[in-house]
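Report on the following structure.
Each residue takes its place number in the sequence, starting with 1. It should be emphasised that the depicted structure is a prediction, and the values quoted were computed from it without experimental measurement. Both ligands and their constituent atoms are indexed starting at 1 by order of listing.
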Amino acid sequence: MTISLEPATKISNELKALLNQAIARELQVSVQYMWQHVEISGVRGIAVQDKFKMVGIQEMKHAEKIAERLWYLGGTPTTKPSPIEVGKSLQEYLELDTKAEVEAIELYKKIIELATKESDYSTAHIFREILEDEEEHHDLFTTMLENV
Ligand SMILES: [Fe+2]
Ligand SMILES: [Fe+2]
């Protein structure tokens, strides 16, 4: 009897590439939000400083989770973030971050759809959970933007 050492779930190269895009984005925003936390200034900025740190840490955890999944599926997680855009003012931070969250939401819906099509229900499940966080981040950033 031969036992296969391959992962029990196999996914397409297209889905692997999307998972790497997701990792690149998560690395991007974890640095982007953390540096906004570091560089923030002004009275209004100081009041919301910790929000950027909190969300940045959540994004790093997303990167880890997705990288673990991709590694399990036989892929190699990228170490390169998508372009990081920190911005110069609280208003600009929040505009950039809202945009980043919208892009994440669009990408993760696409991943859930493709993973489901390929019967990779665990990846779909992981991304449903992450999607919920991204929707919360989007809600937080747009609420903050209304109050700048
Ligand atoms: Fe994320
Ligand atoms: Fe997010």
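Heavy-atom contacts from other residues, nucleotides or ligands closer than 6.0 Å to CE of Met34 number more than 12.
For the Fe ion (ligand 1), protein N, O or S atoms closer than 2.8 Å were enumerated as Glu26 OE1, Glu26 OE2, Glu59 OE1, His62 ND1, Glu134 OE2, with waters left out.
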- Message: side-chain contact (heavy atoms from CB on, under 4.5 Å) for Phe127 and Ile66? Distances and angles first, verdict last.
- Response: CA-CA 8 Å; Phe127 274 86; Ile66 303 165; 3.7 Å; yes
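The pair Asp97-Lys51 does not count as a salt bridge, with every side-chain nitrogen at least 4.0 angstrom from each carboxylate oxygen.
Residues meeting the side chain to side chain contact (heavy atoms under 4.5 Å, CB included) test with Glu132, sequence neighbours left out: none.
Between Lys99 and the options Glu85, Glu92, Glu106, a salt bridge (Lys or Arg N to Asp or Glu O under 4.0 Å) holds for only Glu85.
Taking the six-membered ring where tryptophan is involved, the planes of Tyr93 and Phe52 are perpendicular, since the angle between them exceeds 60° and thus also 30°.
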